[in-house]
Amino acid sequence: MRVLLTGSAGFIGSHIAEALSGTEALSGTEALSNSEALSDPPGAGASPACEVLAADLVSGVDVRDADALDRLLPGVDAVVHQAAKVGLGVDVADLPDYTSVNAYGTAVLLAAMARHSVPRLVLASSMVVYGEGAYDCLTHGRVRPGPRQADDLAQGLFDPRCPACGSVLAPAVIAEDAPLDPRNAYATTKLAQEHLAANWARETGGTAVALRYHNVYGPRMPRDTPYAGVASIFLSALLAGRAPRVFEDGGQRRDFVHVRDVAHANVLALRAGVPGALTPYNIASGTPHTVGELATALAHQTGGPHPVTTGAYRLGDVRHIVASPARATRDLGFRAQISFTDGLKEFTA
């Protein structure tokens with residue numbers, strides 16, 4: 001199988017490049033990146049059973065460049081699409097960039113795949129397409145809360161309320177068939193990518209798999225940027241001798257999944273899906289932790305100052321989002337292998 005990997009020099013993409021190059025079932029991997037090329041080609045030192053086409057590791061190529069895609073896609077059997085503008089965004093001024101890179105860039109890629117009859121797509125999606133996670137009300141059962149209100153948040157009332165009776169809801173586990181409700185620029189464009197991929201699959205008969213990553217962390221995670229993930233933000237503070245500043249009360253529940261587990265899921269997804277449709281999968285560890293627990297564990301690992309819980313909030317944030325990876329386990333054979341404790345030890349080393 002010949003695979004084109006976009007976003008190959010990114011945090012997750014670089015790990016996928018290594019995972020693909022170590023897979024004996026793959027005969028070649030082309031890597032497309034709009035960042036600087038990796039210092040060594042993906043798979044350097046990997047098993048010779050997999051040929052990695054290092055000459056095709058392209059620096060300075062944008063996924064929105066249709067001419068570049070037309071040069072790279074002939075003979076490709078599958079595309080693993082990681083190239084994206086990530087993070088939640090700073091403010092509405094980010095909307096054009098997110099839309100251009102994530103939505104328009106994916107549209108250009110899919111059109112090129114159709115021109116060259118590439119039959120398979122593995123798409124990097126995200127848990128953010130759900131908005132809030134799943135919740136239960138003691139009286140009304142499973143309910144879908146609306147956005148949290150600024151007045152509640154200002155009073156330190158962080159948990160969503162039942163839309164029927166106003167009582168505080170209990171978080172539950174969310175599955176792939178939950179309603180989708182993106183609540184920021186990044187989330188909206190990730191859902192747009194899924195819709196575009198579904199359009200492509202229906203019109204071409206191609207197979208599309210969307211991997212809805214949960215909170216990915218691990219080696220090479222970007223640091224010192226407002227678009228970084230929470231684990232990276234906390235670690236940057238600790239390495240600078242500052243206490244991590246935890247929003248709200250630190251009780252936000254998330255699923256932290258190691259980047260190498262995510263990379264392995266991408267390899268497995270190359271054999272999954274149904275022609276003519278898009279199939280989504282939660283890629284998560286299945287073991288949730290709070291944001292406060294993450295900050296405390298990182299402080300312990302680094303010997304840094306204890307986290308400070310600020311009570312601050314952002315209206316675009318969601319309270320709890322915990323996933324079931326059961327479908328990925330059943331269909332892909334995916335199970336996260338790296339524990340929270342072991343993964344953080346490596347991350348802070």
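The structure displayed is predicted, hence computed values, not measured ones. Just the heavy atoms: all of them, side chains too, but no hydrogens, waters or symmetry mates, feed the values below.
Side-chain atoms of R64 and L109, non-hydrogen and from C-beta on, never get closer than 4.5 Å to each other. A heavy-atom distance below 4.5 Å is found between the side chains of V230 and L294. Contact of the L315 side chain with the L153 side chain is registered, since non-hydrogen atoms from C-beta on lie closer than 4.5 Å. In this structure the side chain of N266 reaches within 4.5 angstrom of the side chain of L211, judged on heavy atoms.
Residue L95 qualifies as enclosed at atom CG: its count of foreign heavy atoms under 6.0 Å is above 12. For H116, the NE2 atom sits in a packed shell: over 12 heavy atoms of surrounding residues, nucleotides or ligands are nearer than 6.0 Å. The environment of CZ in R115 is crowded: more than 12 heavy-atom neighbours from other residues, nucleotides or ligands sit within 6.0 Å. Atom CD of Q149 has 12 or fewer heavy atoms from other residues, nucleotides or ligands within 6.0 Å.
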Compile the donor-acceptor pairs under 3.5 Å between side chains in residues 125-134 and protein atoms, sequence neighbours left out, one pair per line.
residue: S125; atom: OG; partner: E194; partner atom: OE2; Å: 2.5
residue: S126; atom: OG; partner: V128; partner atom: N; Å: 3.1
residue: Y130; atom: OH; partner: R212; partner atom: NH1; Å: 3.0
residue: Y130; atom: OH; partner: N282; partner atom: OD1; Å: 2.8
residue: E132; atom: OE1; partner: Y135; partner atom: OH; Å: 2.6
residue: E132; atom: OE1; partner: R319; partner atom: N; Å: 3.2
residue: E132; atom: OE2; partner: R319; partner atom: N; Å: 3.0

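Considering CD of Q193 and CG of N102, their distance stands at 5.0 Å, rounded to 0.5 Å. Considering OH of Y313 and CZ of F247, their distance stands at 11.0 Å, rounded to 0.5 Å.
Between the side chain of R330 and the main chain of P325, no donor-acceptor pair closer than 3.5 Å is present. H320 contributes no side-chain N or O that, together with a main-chain N or O of P171, makes up a donor-acceptor pair within less than 3.5 Å. A donor-acceptor pair is defined here as one N or O able to donate and one able to accept, closer than 3.5 Å; no such pair exists between the side chain of T296 and the backbone of E293.
Using a 30° and 60° split on the angle between ring planes, F340 and H289 fall in the parallel class, below 30°.
Neither F158 nor V318 shares a network with the other; the hydrophobic side chains, linked directly or stepwise wherever heavy atoms of I, L, V, M, F, W or Y lie under 4.5 Å apart, form separate groups for each.
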